[in-house]
Novice: 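Take a look at the following structure, please.
For the single chain, residues carry numbers from 1 onward in sequence order. Computed from a predicted model, the values in this text were never measured in an experiment. Counting starts at 1 for both ligands and their atoms, in listed order.
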Amino acid sequence: MVQQMEQMYEGKAKIVYKTDDPNLLIQHFKDSATAFDGKKKGEIKEKGVANAAIAATLFGVLEAAGIKTHFHEMLNDRDMLIDNLKMIQLEAVARNIAAGSLAKRLGYEEGVVLKKPVVEFYYKRDDLGDPIITCQHVQELGLVNEDEFKTIRDLSFKVNDVLGRFFNERGLDLIDMKLEFGWDKDGQLVLGDEISPDTCRFWDTATGEKLDKDRFRRDLGGVEEAYVEVLRRVTA
Ligand code: TMP
Ligand code: ASP
């Protein structure tokens with residue numbers, strides 16, 4: 001049994017702790033929620049429990065499809081044992097249906113089905129507002145080289161494909177999702193962070209109802225209920 005050690009980092013929705021094994025960390029899922037680069041703050045009751053269970057299940061689905069993730073096991077209902085990755089300062093966003101910033105950027109109505117999935121990259125820098133960047137910017141910044149960039153892009157499409165089908169079978173449309181990757185101790189590229197209603201958009205296939213953090217961002221009500229409903233579908 002690993003021992004939890006000092007806190008390494010506190011983010012907006014999670015706290016990461018060191019353990020007595022340098023290759024392992026514990027990521028603790030909080031109920032706090034922010035939006036718009038932290039300008040909007042709140043609590044979503046039991047969100048941490050729902051997101052931890054949703055993420056654990058999805059990491060299992062991806063592992064079964066041959067995609068490496070940082071997930072080891074749940075230690076309790078909020079604490080996830082993970083690989084200690086050297087995180088890449090990038091957010092990869094895979095999109096299937098126009099919503100949020102893509103709808104704004106391309107002048108599309110939300111809900112327009114894209115001709116084919118799109119993967120975008122954002123520079124993970126809160127102080128810059130996480131700007132969208134190109135492959136060449138990624139190399140200029142020295143985040144990863146061109147081959148690594150292509151691998152991350154291909155892996156993002158694969159994650160989107162596997163999870164899109166998984167959610168489809170559960171009556172949810174995967175609109176878009178944000179992914180983060182890192183390097184493990186053997187230099188392998190591994191999917192990290194979390195996959196949850198905080199980091200994805202899910203719409204009910206039958207009704208179109210939003211079942212994700214947009215309910216919090218846009219004050220739509222029924223926020224807790226949406227997270228519980230996604231958990232129910234994912235673990236059904
Ligand atoms: P966007 O439409 O606001 O760019 O968001 C695209 C997806 O990425 C959406 O599912 C929410 C997720 N996301 C995050 O996980 N973190 C963020 O900081 C942002 C802006 C979006
Ligand atoms: N912008 C993020 C979101 O809406 C959260 C934040 O940056 O505070 O998911």
Novice: Just let me know how T199 lines up against ligand 1, side chain, backbone, both or neither, with a heavy-atom cut-off below 4.0 Å.
Specialist: both
Novice: Between D176 and N96, is there a side-chain donor-acceptor contact under 3.5 Å, judged purely by atom types and distance?
Specialist: no
Novice: For T207 and D204, which I'm curious about, is there any donor-acceptor pair between the side chains at under 3.5 Å?
Specialist: yes
Novice: Starting from atom 15 (O) of ligand 1, what is the nearest protein heavy atom, named by residue and atom, and what distance separates them?
Specialist: K178 CE, 3.1 Å
Novice: Among all protein heavy atoms, pick the one closest to atom 21 (C) of ligand 1 and tell me residue, atom and distance.
Specialist: R217 NH2, 4.6 Å
Novice: In the protein, which heavy atom is nearest to atom 9 (C) of ligand 1, and how far is it?
Specialist: D176 OD1, 3.2 Å
Novice: Which class fits the ring pair F149 and F121: parallel under 30°, tilted 30 to 60°, perpendicular over 60°?
Specialist: tilted
Novice: Should the pair D130-K178 be classified as a salt bridge under the 4.0 Å nitrogen-to-oxygen rule?
Specialist: no
Novice: Can you figure out which of S101, G129, P197 has its heavy atom closest to atom 2 (O) of ligand 1?
Specialist: S101
Novice: Mark whether atom 11 (C) of ligand 1 lies under 4.0 angstrom from at least one protein heavy atom.
Specialist: yes
Novice: Hey, are Y122 and E120 close enough side-chain-wise for a donor-acceptor pair under 3.5 Å?
Specialist: yes
Novice: With no hydrogens and no angle check, just 3.5 Å: does a side-chain donor-acceptor pair link T134 and Q136?
Specialist: no
Novice: Select one of side chain, backbone, both or neither to describe which atoms of K124 lie under 4.0 Å from any atom of ligand 1, heavy atoms only.
Specialist: neither
Novice: Using distance alone, determine whether K12 and ligand 2 share an N or O pair under 3.5 Å.
Specialist: yes
Novice: Going by the atom numbers of ligand 2, which of them fall below 4.0 Å from some non-hydrogen atom of D37?
Specialist: 1 (N), 6 (C), 7 (O), 8 (O)
Novice: Would you mind running through ligand 1 and noting each atom that sits below 4.0 Å from a heavy atom of C200?
Specialist: 10 (O)
Novice: Quick one: which ligand 1 atoms are inside 4.0 Å of a heavy atom on G100?
Specialist: 2 (O)
Novice: Taking atom types as modelled, find out whether T34 and R217 have a side-chain donor-acceptor pair closer than 3.5 angstrom.
Specialist: no
Novice: Can you tell me which residue and heavy atom of the protein come closest to atom 4 (O) of ligand 2, and the distance to 0.1 Å?
Specialist: R217 NE, 2.7 Å
Novice: So does E109 pair up with K104, basic N to acidic O under 4.0 Å?
Specialist: no
Novice: Could you tell me whether E224 and K47 have a side-chain N and a carboxylate O separated by less than 4.0 Å?
Specialist: no
Novice: Any protein heavy atom lying closer than 4.0 Å to atom 6 (C) of ligand 1?
Specialist: yes
Novice: Which ligand 2 atoms does F36 reach within 4.0 Å, using its non-hydrogen atoms?
Specialist: 1 (N), 4 (O)
Novice: Which heavy atom of the protein is the closest neighbour of atom 19 (C) of ligand 1, given with residue, atom name and distance?
Specialist: E91 OE1, 4.7 Å
Novice: Would D198 and Y227 count as having a side-chain donor-acceptor pair, cut-off 3.5 Å?
Specialist: yes
Novice: Output the list of atoms in ligand 1 that are nearer than 4.0 Å to some heavy atom of D198, sorted by atom number.
Specialist: 15 (O)
Novice: Give me the nearest non-hydrogen protein atom to atom 8 (O) of ligand 2 as residue plus atom name, then the distance to 0.1 Å.
Specialist: T34 OG1, 2.4 Å
Novice: Check ligand 2 against G38 and write out every atom of the ligand that is under 4.0 Å from a heavy-atom position of the residue.
Specialist: 6 (C), 7 (O), 8 (O)
Novice: Would K14 and D193 pass as an ion pair if we require N to O under 4.0 Å?
Specialist: yes
Novice: Is it the side chain, the backbone, both or neither of R95 that has a heavy atom closer than 4.0 Å to ligand 1?
Specialist: side chain
